[in-house]
Amino acid sequence: MEQLKELISALIFVVSVVLLFAVLAGELWTLSLLSVAGFFLAYYLWPSKKRGKREAGSAVLDYIELIIEFPVELIYWLLRIIGKLIFSVFD
């Protein structure tokens, strides 16, 4: 079951990247919402070692995990920075 989750998550991630490049190429901007949703879905479907859902495995899976988790971790990091800036203004 874990391998199926990994496969589905990787496929969703690839589709999200393709949708993101379609947005950057000037296609429909509504695809950007699908792309972002795909990144989050791939993130939550992936059995992450960091979240305790996968035991130590191969190095290839570790690299794929880094690639799949990077966009969502970047978004979370940016939201934390923005939140800190907003709350520092109101202190």
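Scope of the values below: all heavy atoms of this structure, side chains included, with no hydrogens, waters or symmetry mates.
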For residues Ala10 and Ile68, report the shortest heavy-atom separation together with the two atoms involved. CA-CD1, 4.0 Å
Minimal heavy-atom distance between Ser9 and Ala42, with the atoms involved, is OG-O, 2.6 Å
Supply the atom-to-atom distance Trp77 CH2 to Ile82 CD1, rounded to the nearest 0.5 angstrom. 10.0 Å
Verify same cluster id: Val14, Val17 (apolar side-chain graph, 4.5 Å): no
Is there a path of hydrophobic side-chain contacts, each under 4.5 Å between heavy atoms of I, L, V, M, F, W or Y residues, that connects Val36 with Tyr44? yes
Hydrophobic clusters here meaning ILVMFWY residues chained together by side-chain heavy-atom distances under 4.5 Å, can you tell me if Leu78 and Ile81 are in one? yes
Can you tell me how far apart CG (Leu34) and CG (Leu41) are? Round to the nearest 0.5 Å. 11.5 Å
Any idea which heavy atoms bring Val23 and Ser32 closest together, and the distance? CG2-N, 3.4 Å
Quick check on the hydrophobic clustering: are Leu74 and Leu33 connected, directly or via other members, by side-chain heavy-atom contacts under 4.5 Å? no
Between CG of Leu45 and CG of Leu11, what distance do you get to the nearest 0.5 Å? 11.0 Å
Contact summary for Ile12 and Gly38, nearest pair of heavy atoms: CG2-O, 3.2 Å
From Phe70 atom CZ to Phe13 atom CZ, the distance as rounded to the nearest 0.5 Å: 9.5 Å
Is there side-chain contact between Leu20 and Phe39, with heavy atoms separated by less than 4.5 Å? yes
Under the criterion side chain to side chain contact (heavy atoms under 4.5 Å, CB included), which of Val60, Asp62, Ile67 is the partner of Ile64? Val60
Main-chain N/O of Ser16 paired to Ser35 side chain as donor or acceptor, under 3.5 Å: yes
Gap separating the CD1 atom of Ile86 from the CG atom of Leu79, nearest 0.5 angstrom: 9.5 Å
Trp46/Lys5 under side chain to side chain contact (heavy atoms under 4.5 Å, CB included): CA gap, chis, key distance, verdict: CA-CA 6 Å; Trp46 183 263; Lys5 281 183 173 181; over 6 Å; no
